[in-house]
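Notes for the one structure printed next.
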Amino acid sequence: MEVIVEKDPAMETELLVLERSRAITVHGRDRKGRAVVRVVGNHFPARALGERVEEVVKGYLRDRVLPAIGDREFVVVYMHSRVDRARNFPGVGAIRAAYESLPPGTKARLRAVYFVHPGLQSRLFFATFGRFLFSSGLYEKLRYMSRLEYVWAHMDKGQLEVPDCVREHDEELERRPLMDYGIEATDRRCMFDAASMDTSASMHSLRCIS
């Protein structure tokens, strides 16, 4: 007899919120023919999802992203441009939990994570704590892309939709290159709260790495 599993209405609503945000999408392919998972940090509805963000992200990967990828190898393009810790950053804990929830075969097929527009603090954070927070399999696949032009070395422009906020930030970095080194900031820059590293439970409060 077939067992019917009832769906959680609240979860379904939250999955729809995440889907409509287009923060995580699967489309296009890189120059090696691998699927591309695009993650736009500025679009992520962290505030709307609240404390359930971790479960929603895991559910979205399971129900929406993984079926779209299938058995293909894939890469992730994460666009960190103009992320605000209070509005649209899910927290390092949620990112870690989402990755660790992936099946072993899926982790093996992930070939690279392109981190677009990393700020000085994000580089320092991952250099210091990346190996402790994430498995070596993920950490070693991380590639920093300070400009969009470096992304195009790995995929054609027509294969990746770039939101206006990302293009505008890229242009701003070209005009003000000292922003890459944390010497010059904008009003949108958000600071990483080092004090929140004191306990494992506070992973959810690591709301910004800019």
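When reading the values below, keep in mind they use all heavy atoms of this one structure, side chains included, and skip hydrogens, waters and symmetry mates. Residues take their numbers from the sequence shown, with the count starting at 1.
The salt bridge (charged side-chain N to carboxylate O under 4.0 Å, His left out) pairs that include a residue from residues 22-43 are Arg22-Glu161, Asp30-Arg34, Arg31-Asp156, where partners are two or more places apart or lie in different chains.
With sequence neighbours excluded, the residues that form a salt bridge (Lys or Arg N to Asp or Glu O under 4.0 Å) with Lys107 are Glu100. Residues passing the side chain to side chain donor-acceptor pair (under 3.5 Å) test with Tyr99: none are found, sequence neighbours excluded. Partners of Ala48 by side chain to side chain contact (heavy atoms under 4.5 Å, CB included), not counting sequence neighbours, listed by chain and number: Val17, Pro45.
Taking the centre and axis of the six-membered ring of Phe74, the NZ or CZ atom of Arg111 falls outside the cone set by 45° and 6.0 Å.
Residues Ser81 and Asn42 share a closest heavy-atom pair of O-CB, 3.6 Å. Here the closest non-hydrogen pair linking Ser101 and Ala98 is OG-O, 2.7 Å. Contact record, Gly70 with Arg109: O-NH2, 3.4 Å, taken as the closest heavy-atom pair. Ala10 and Asp8 make their closest contact through N-OD1, 3.0 Å (heavy atoms, listed as atom of the first residue, atom of the second, distance).
Looking only at distances, a side-chain donor or acceptor of Thr128 sits under 3.5 Å from a matching main-chain atom of Leu124. Side-chain N or O atoms of Arg72 include one that pairs as donor or acceptor with a backbone N or O of Ala68 at under 3.5 Å.
When Tyr144, Phe44, Phe115 are each tested for a ring pair (Phe, Tyr, Trp, His ring centres under 6.0 Å) with Tyr78, only one passes: Phe115.
Taking the six-membered ring wherever Trp is involved, the centroid distance between the rings of His117 and His169 falls below 6.0 Å.
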Give the C-alpha distance, both sets of side-chain angles, the deciding distance and a yes or no for side chain to side chain contact (heavy atoms under 4.5 Å, CB included) between Lys141 and Leu110. CA-CA 8 Å; Lys141 296 173 183 179; Leu110 172 60; 4.1 Å; yes

Can you list the steps and then say if Arg20 with His43 is a side chain to side chain contact (heavy atoms under 4.5 Å, CB included)? CA-CA 10 Å; Arg20 287 176 174 174; His43 289 179; over 6 Å; no

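Contact annotation: the side chain of Pro118 approaches that of Arg123 to within less than 4.5 Å [non-hydrogen atoms, C-beta and beyond]. The closest side-chain heavy-atom distance from Glu19 to Leu15 is not below 4.5 Å. When side chains are defined from C-beta on, Arg147 counts as touching Asp170, because their heavy atoms get closer than 4.5 Å.
Rounding to the nearest 0.5 Å gives a distance of 9.5 Å between CD of Glu149 and NZ of Lys157.
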Show me the donor-acceptor pairs, under 3.5 Å and distance only, between side chains in residues 57-66 and residues at least two apart or in other chains.
residue: Lys58; atom: NZ; partner: Glu55; partner atom: OE2; Å: 3.2
residue: Tyr60; atom: OH; partner: Ile24; partner atom: O; Å: 3.2

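Chaining together hydrophobic side chains whose heavy atoms lie under 4.5 Å apart places Trp152 alongside Val36, Val40, Val75, Val77, Met79, Tyr114, Val116, Met145, Leu148, Tyr150, Val151, Met155, Leu160, Val162, Val166.
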